[in-house]
Amino acid sequence: MVLDDVPGALGEFGRVLGAAGVSLEGGGVFGGVAHFLVEDADRARDALHAAGIGPVSVHDVVSLRLDQELPGSLGIVAARFGEAGLTINTQYSDHAGNLVLVVG
């Protein structure tokens with residue numbers, strides 16, 4: 001989702017999710033676009049919608065642990081997705097250090 005370009009937008013986003021009991025497990029804001037990993041996407045979307053924040057898109061993700069000792073691990077994984085005809089739309093790490101891929 002795209003956060004409004006106003007002071008406090010991210011704070012309100014976090015406050016609304018916290019009040020709904022939704023914990024952020026990874027993600028961030030990139031150029032105003034918020035990508036966050038949550039356990040209960042429906043609850044998060046409903047809370048944000050009720051607060052007038054959105055629109056919100058929910059996507060399935062792939063989460064896996066890369067071998068940090070193996071240079072090129074991301075390249076190996078990403079190439080396999082490409083070979084399977086899948087596009088990686090977003091990539092980041094969660095709070096436990098796992099690779100998170102939003103695949104289209």
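What you see below is based on every heavy atom in this structure, not just the backbone, and it leaves out hydrogens, waters and symmetry mates.
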K.L.:
Under the side-chain contact (heavy atoms from CB on, under 4.5 Å) rule, collect the residues that match up with A50, sequence neighbours excluded.
P.N.:
none
K.L.:
Report the residues that fulfil side-chain contact (heavy atoms from CB on, under 4.5 Å) with L70, sequence neighbours left out, ordered by chain and then residue number.
P.N.:
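Residues passing side-chain contact (heavy atoms from CB on, under 4.5 Å) with L70: D67, S73, I76.
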K.L.:
Taking only residues two or more places apart in sequence, or in another chain, which ones meet E25 in a salt bridge (charged side-chain N to carboxylate O under 4.0 Å, His left out)?
P.N.:
none
K.L.:
Which residues satisfy the side chain to side chain donor-acceptor pair (under 3.5 Å) test with D40, sequence neighbours excluded?
P.N.:
none
K.L.:
Should V22 and F13 be regarded as members of a common hydrophobic cluster, given that ILVMFWY residues are connected when their side-chain heavy atoms come within less than 4.5 Å of each other, either directly or indirectly?
P.N.:
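Yes; F13 is reachable from V22 via cluster members.
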K.L.:
What residues form a salt bridge (charged side-chain N to carboxylate O under 4.0 Å, His left out) with D42, not counting sequence neighbours?
P.N.:
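Only R45 meet the salt bridge (charged side-chain N to carboxylate O under 4.0 Å, His left out) criterion with D42.
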K.L.:
What pairs meet the side chain to side chain donor-acceptor pair (under 3.5 Å) rule with one or both residues in residues 5-20, with sequence neighbours excluded?
P.N.:
E12-R15
K.L.:
When the side chains of residues 88-104 are checked against the rest of the protein, which donor-acceptor pairs come out under 3.5 Å, sequence neighbours left out?
P.N.:
from : atom 1 : to  : atom 2 : distance (Å)
D94  : OD1    : A96 : N      : 2.9
D94  : OD1    : G97 : N      : 3.0
D94  : OD1    : N98 : N      : 2.8
D94  : OD2    : N98 : ND2    : 3.2
H95  : ND1    : L24 : O      : 3.4

K.L.:
For F36 and M1, what are the C-alpha separation, side-chain angles and deciding distance, and is it a side chain to side chain contact (heavy atoms under 4.5 Å, CB included)?
P.N.:
CA-CA 9 Å; F36 284 98; M1 70 166 282; over 6 Å; no
K.L.:
Could you report the tightest heavy-atom contact between V38 and A44, atom names first, then the distance?
P.N.:
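Closest approach of V38 to A44, heavy atoms only: CG2-CB, 4.1 Å.
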K.L.:
D46: which residues meet the salt bridge (charged side-chain N to carboxylate O under 4.0 Å, His left out) condition with it, sequence neighbours left out?
P.N.:
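Listed in chain order: nothing, the list is empty.
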K.L.:
Are V29 and L37 connected in the hydrophobic side-chain network, where two residues link if heavy atoms are under 4.5 Å apart?
P.N.:
no
K.L.:
Give the table of side-chain donor-acceptor pairs shorter than 3.5 Å for residues 56-63, with sequence neighbours excluded, one pair per line with atom names and distance.
P.N.:
none

